[in-house]
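Right, one structure below, let's go through it.
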Amino acid sequence: WVNKKFSYWTDRGFMQGDRAFPLGSLGGVGTKMIIAEKYDYYYNKFKGKTPAVGLYHFLSPVLLVIDTELMKNILVRDFTSFHGRGLFINKEDNPIGVNTFTLSGQEWRDRRVKLTPIFTSGKMKMMFELLDVLGDKLVRILEDQLQYTHELEMRSWLQRFTIDTIGNVAFGIEPNALEHENSELAFYGKKMSNITFLGIVRFMIGSEWPSLAKKLKIGFTPKDVNDYFLKIFVETLERREKSQIKRNDFVSLLLGLKDDYTNEELAAEAFIIFFGGFETSSSLMTFLLYELALNPDIQDRLREEIMTGIEENDGILTYDILFGFKYLDMIVNEGLRKYPPIPTTMRKTNKEYPIPNTKLVIPEGVIIPVNSFSFQRDPEYFSDPEKFDPERFNEENIKKIKPFTNIPFGEGPRICLGMRFGLMQSKIGITKMIKSFVIQPSEKTQIPIKLNLGNPLLAPEKGMWLKFTKI
Ligand code: HEM
């Protein structure tokens with residue numbers, strides 16, 4: 001029976017990767033490497049031999065994309081055959097898990113169309129002030145820390161910063177995570193990004209046996225995460241409606257969709273804004289600080305740009321000034337290339353798809369991992385890929401980047417909805433810190449950095465210890 005399962009791809013004429021019961025092609029994931037590194041192993045092994053290689057997530061067939069032309073077809077040109085996300089959802093028992101990120105088909109399209117207007121640059125500008133204030137608070141709190149020590153574990157500080165920003169704008173609450181290490185929001189937020197044995201079992205049941213998963217009331221999130229986020233969002237909605245408070249945040253914008261969606265559906269969107277926004281941006285800032293500490297020339301040039309830009313604007317940082325920092329933009333782009341916070345995105349075929357110019361046909365219902373991590377670290381597309389080199393993204397070089405090889409926010413109709421917000425909060429965080437501190441490696445800095453095997457997003461293994469000195 002297992003052998004039959006493992007011949008799914010060869011029966012259809014595809015090349016396939018290693019397979020063994022029970023993990024399928026995922027041997028070593030979580031113990032020796034993260035899943036993106038395992039995909040990368042297959043990407044390098046099969047590159048040039050086939051446009052896509054068949055793998056197995058446990059016993060389920062998945063197809064890893066290798067060829068950039070095929071990737072373009074999947075993400076953009078022939079998107080109508082690939083609009084699914086391929087995640088298990090359970091509307092009855094886990095309403096929080098049913099949102100723009102996880103939905104497929106018409107339901108996804110309808111949500112996406114309704115939500116897109118709440119992410120425009122005009123709406124982001126409205127939220128800038130709130131983030132600016134929290135950025136200053138981050139600096140104040142780090143300054144306080146320097147009375148006791150100059151070595152700071154920045155991953156957790158940056159998580160605390162993004163919990164405060166997103167808790168504020170998506171749930172209308174003051175998590176005060178920067179003041180209190182163990183805020184409730186942080187507890188439930190982190191629960192989603194720590195892979196546990198139980199989480200793997202739940203994921204496996206959800207993808208292999210959806211009807212059993214429904215009977216077991218399994219969904220995209222654990223039950224307590226569902227209940228917590230539902231509760232805090234509904235409480236905020238009620239408070240807002242009663243008091244008629246108007247604030248420039250996602251809660252107010254979501255409230256504007258009240259005629260179209262139930263409270264549960266709106267809470268699910270607030271949840272994905274929180275989940276999409278807290279770990280990704282803190283991961284990006286963490287790796288950026290690491291590279292800035294290791295590359296003092298780059299750090300100095302960035303500080304010069306920031307200081308001059310703010311000084312010329314009477315000491316005030318605005319949205320337009322922030323997004324006008326060209327070198328900061330190059331640095332952020334290079335950070336996203338080398339350390340994509342979500343290193344793999346997924347699609348699912350909703351109908352059979354013949355791969356152009358081959359005899360291969362991708363069957364319906366197959367999950368397609370697109371591993372941006374591989375393309376963005378492929379020396380064919382980015383020479384000396386381990387080197388942190390913002391010049392890859394200067395005005396001239398950026399034009400030479402091969403399309404679809406740098407996709408940290410995904411691509412096509414399902415591209416990240418919160419890209420502008422993610423960039424805004426990461427750029428604010430970096431700008432405020434670089435303006436106030438010189439950042440250097442410390443004795444505790446892990447060089448070269450290793451990845452945390454228990455996190456589906458890109459995270460450092462042992463946190464990010466860095467030396468901070470007040471300017
Ligand atoms: C540096 C920060 C971020 C990175 C690197 C990132 C990356 C991604 C990636 C790779 C995807 C999948 C795209 C695809 O499948 O083509 C995605 C989807 C998504 N992201 Fe982000 N993200 C970030 C920040 C945010 C923020 C701040 C929010 C919310 C405010 C957000 C909300 C979403 C949503 C709703 C989707 C689902 C889009 C859909 O399926 O239609 N993201 N993001």
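Along the sequence shown, residues are numbered consecutively beginning with 1. In each ligand, atom 1 is the first atom listed, and ligand 1 is the first ligand listed.
In this structure, the protein non-hydrogen atom closest to atom 16 (O) of ligand 1 is R347 NH2, 2.8 Å. Of all protein heavy atoms, the one closest to atom 12 (C) of ligand 1 is T345 OG1, 3.5 Å. Of the protein's heavy atoms, R112 NH1, 3.4 Å lies nearest to atom 39 (C) of ligand 1. Summary of contacts: the protein heavy atom closest to atom 13 (C) of ligand 1 is R414 O, 3.3 Å. The protein atom (non-hydrogen) at minimum distance from atom 10 (C) of ligand 1 is P408 O, 3.3 Å. Looking only at heavy atoms of the protein, atom 30 (C) of ligand 1 is closest to I273 CG2, 3.5 Å.
Listed by number with element, the atoms of ligand 1 under 4.0 angstrom from any heavy atom of T100 are 39 (C), 40 (O), 41 (O). Remark: ligand 1 atoms within the under-4.0 Å shell around heavy atoms of W108 are 39 (C), 40 (O), 41 (O). Listed by number with element, the atoms of ligand 1 under 4.0 angstrom from any heavy atom of E411 are 16 (O). Listed by number with element, the atoms of ligand 1 under 4.0 angstrom from any heavy atom of F421 are 27 (C).
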Check against ring pair (Phe, Tyr, Trp, His ring centres under 6.0 Å), F250 and F119: CA-CA 9 Å; F250 283 118; F119 290 94; 5.2 Å; yes
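Only protein N, O or S atoms were considered, and those under 2.8 Å from atom 21 (Fe) of ligand 1 are C416 SG.
Not one N or O of S281 is nearer than 3.5 Å to an N or O of ligand 1, by distance alone.
Taking the ring axis of W157 as reference, the NZ or CZ atom of R160 stays within 45° of it and closer than 6.0 Å to the ring centre.
Here K47 does not pair with D67 in a salt bridge; the nearest charged N to carboxylate O distance is not below 4.0 Å. Here E107 pairs with K91 in a salt bridge; the nearest charged N to carboxylate O distance falls below 4.0 Å. Between R392 and E334 there is a salt bridge, with a side-chain nitrogen of the basic residue lying less than 4.0 Å from a carboxylate oxygen of the acidic one. The residues E291 and R337 are annotated as not salt-bridged, no charged nitrogen and carboxylate oxygen being separated by less than 4.0 angstrom. The pair D40-R377 fails the salt-bridge criterion, with no side-chain N (NZ, NE, NH1 or NH2) lying under 4.0 Å from an Asp/Glu carboxylate O.
Between the side chains of D78 and S81, no donor-acceptor pair of N or O atoms lies under 3.5 Å. Of the N and O atoms on the side chains of T100 and E269, at least one donor lies less than 3.5 Å from an acceptor on the other residue.
The shortest heavy-atom distance from P341 to ligand 1 is under 4.0 Å. Residue R85 places a heavy atom less than 4.0 Å from ligand 1. Remark: distances from the non-hydrogen atoms of F274 to ligand 1 are all 4.0 Å or more.
Within the structure, no pair that satisfies the ring pair (Phe, Tyr, Trp, His ring centres under 6.0 Å) test touches residues 120-139, not counting sequence neighbours.
Shown here are the side-chain hydrogen bond (donor to acceptor under 3.5 Å, both in side chains) partners of K231, two or more places apart in sequence or in another chain: there are none.
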Under 3.5 Å, side-chain donor or acceptor atoms of residues 120-127 against the rest of the protein: list the pairs with distances, not counting sequence neighbours.
| residue | atom | partner | partner atom | Å |
| --- | --- | --- | --- | --- |
| T120 | OG1 | K123 | N | 3.3 |
| K123 | NZ | P117 | O | 3.1 |
| K125 | NZ | D320 | OD1 | 3.4 |

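The aromatic rings of F375 and Y43 stand perpendicular to each other, their planes meeting at an angle above 60°, with 30° marking the opposite boundary.
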